[in-house]
Each structure stands twice: as C-alpha cells, then as structure tokens.
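What follows is one structure encoded as structure tokens, with my remarks underneath.
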Amino acid sequence: VFVTNHVLSGVIIGRTLERRPVAAFLVGVGSHLVLDSVPHWSCDKTLADAPERFLEAAKKDGVLGLATMATITMVVDRRSRMATVAAMAGAVLLDLDKPFVHFAGINPFPKTVQRLHSWVQNESPQWMRNELIFGIASATADAIAIAGGRARGSLSNREPSTGPVGDSPKAAYTSS
Ligand SMILES: [Zn+2]
C-alpha cells in the first residue's frame with residue numbers, strides 16, 4: 001500500500017483518539033497491517049526492470065507521503081494535532097524498512113515483525129485502482145474531518161462572545 005494512503009488513514013485515527021496520542025500511535029501501526037491485507041498494487045515482479053520500477057514508484061510515493069504528512073500537521077486543528085501526528089507516524093512505521101534497506105542495507109525490525117508484515121500482503125499489479133479509490137476516499141474523509149475540527153476550534157474560540165446572545169432573553173426578562 002502506498003505510504004501516502006497510510007498517512008491519509010492516520011487523520012481519522014488521530015481525530016477519533018484525539019485525547020490519546022499513544023493509543024492513536026498503536027492503532028496507526030495496526031491500521032498499517034489491516035491496509036496491507038486489503039488487495040493493493042505492487043509492481044509486476046515478472047518484469048526484468050521490476051526493482052527499478054518499484055524504486056521509481058516508491059520515491060514518488062515517499063515524497064508525496066512526506067508532503068501530505070507535513071500539510072496535515074499544519075492544517076489539522078490544535079486539539080487533535082498531537083494524536084494525528086502520532087497516528088500518522090504509527091501508520092507509516094512498518095514501511096520504514098524500505099528506505100532503511102535501500103540506504104543503510106539493514107532492516108531495523110525484528111524477524112517476527114518482518115514476517116508478519118510480508119505475510120499480510122495482498123498485492124497484485126492489477127490493483128492500482130484500489131489504491132486510487134482508497135486514496136481519494138480517505139483524502140475526502142480527511143478533508144471533511146479537518147474542516148470539521150477547524151470549525152469546532154474556531155467555534156469554541158468564539159464561545160465567550162456568544163455568551164451575551166444566550167443571556168439576552170434572561171436580560172430582557174429581568175428588565176421587564
Ligand atoms: Zn506495508
């Protein structure tokens with residue numbers, strides 16, 4: 001599954017568990033395995049240039065994922081920011097094996113984790129559609145959640161000034 005899609009799923013988790021960043025992180029890690037078990041795209045490994053194709057896609061996806069993470073961190077409302085960042089970090093954690101292996105030649109995860117991660121994979125070159133559908137659907141859900149969170153944030157900031165409006169019937173009553 002594209003890293004970007006893992007990042008996108010972190011927003012809803014962060015929003016749901018906004019008061020519990022640690023739980024958000026752990027659910028994020030779990031969501032990675034769930035998403036990887038849903039049919040998703042992989043490059044055609046029978047092609048001779050499969051490693052190059054994979055690397056090319058991974059580079060673009062990595063850059064897009066990082067940019068998405070940065071954007072979400074900036075635009076999400078303050079109340080759920082910490083949990084959202086924790087959830088996104090948890091959601092991408094298991095895919096750090098790829099850059100680690102690529103740049104450092106080592107896999108930082110224990111063998112059991114590596115085995116579990118590759119065991120859940122459900123991938124095929126034909127399933128790009130699923131990646132795109134998931135990406136669009138979750139980006140839309142995230143945008144709604146972020147907009148809702150921001151509206152909620154600005155509403156609670158305005159609460160003191162709405163006080164007098166709420167008091168006015170009483171004021172009218174006492175003055176009569
Ligand atoms: Zn993965």
Side-chain angles (χ1 to χ4, degrees), residues 1-18 20-74 76 80-143 145-146:
V1 170
F2 291 141
V3 169
T4 309
N5 282 348
H6 287 300
V7 170
L8 290 170
S9 60
V11 176
I12 298 295
I13 299 166
R15 179 66 190 279
T16 310
L17 296 166
E18 61 182 11
R20 297 158 68 195
V22 176
F25 178 82
L26 295 174
V27 173
V29 175
S31 79
H32 187 107
L33 294 170
V34 173
L35 266 194
D36 275 3
S37 69
V38 172
H40 61 272
W41 179 82
S42 81
C43 58
D44 189 345
K45 286 170 182 142
T46 59
L47 297 173
D49 60 346
E52 287 81 9
R53 279 166 184 260
F54 176 77
L55 190 65
E56 207 38 57
K59 267 197 274 181
K60 284 185 197 138
D61 175 37
V63 170
L64 183 61
L66 279 177
T68 306
M69 234 175 174
T71 310
I72 289 169
T73 307
M74 281 189 295
V76 78
S80 47
R81 183 169 296 151
M82 188 136 101
T84 303
V85 171
M88 290 191 296
V92 301
L93 182 73
L94 287 174
D95 274 350
L96 291 183
D97 58 347
K98 280 140 204 148
F100 257 94
V101 169
H102 182 71
F103 292 112
I106 51 151
N107 192 320
F109 296 111
K111 281 272 181 309
T112 2
V113 176
Q114 294 178 29
R115 235 175 280 135
L116 178 66
H117 191 193
S118 56
W119 179 73
V120 297
Q121 298 303 318
N122 191 356
E123 48 188 24
S124 152
Q126 295 138 27
W127 288 333
M128 178 61 95
R129 232 176 94 94
N130 288 9
E131 296 268 3
L132 297 179
I133 290 170
F134 181 85
I136 292 165
S138 55
T140 309
D142 290 358
I146 288 170

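Indexing begins at 1, ligand by ligand and atom by atom, following the structure's order. Since the structure is predicted, the reported quantities are computational estimates derived from the model, not experimental observations.
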Using the side-chain contact (heavy atoms from CB on, under 4.5 Å) rule, pick out the option among Val63, Thr68, Leu66 that qualifies with Thr4. Thr68
Output every pair passing ring pair (Phe, Tyr, Trp, His ring centres under 6.0 Å) with a member in residues 103-122, not counting sequence neighbours, ordered by first then second residue. His32-His117
What pairs with His40 under ring pair (Phe, Tyr, Trp, His ring centres under 6.0 Å), at least two apart in sequence or on another chain? none
The reported gap from CD1 in Ile13 to CZ in Arg20 (rounded to nearest 0.5 angstrom) is 13.0 Å
Which one of Leu8, Val7, Ile133, Ile12 satisfies the side-chain contact (heavy atoms from CB on, under 4.5 Å) criterion with Ser138? Leu8
Can you pull the salt bridge (Lys or Arg N to Asp or Glu O under 4.0 Å) pairs that have at least one residue in residues 81-100, sequence neighbours excluded? Asp95-Lys98
Return the number of protein N, O or S atoms with a distance to the Zn ion (ligand 1) smaller than 2.8 Å. 4
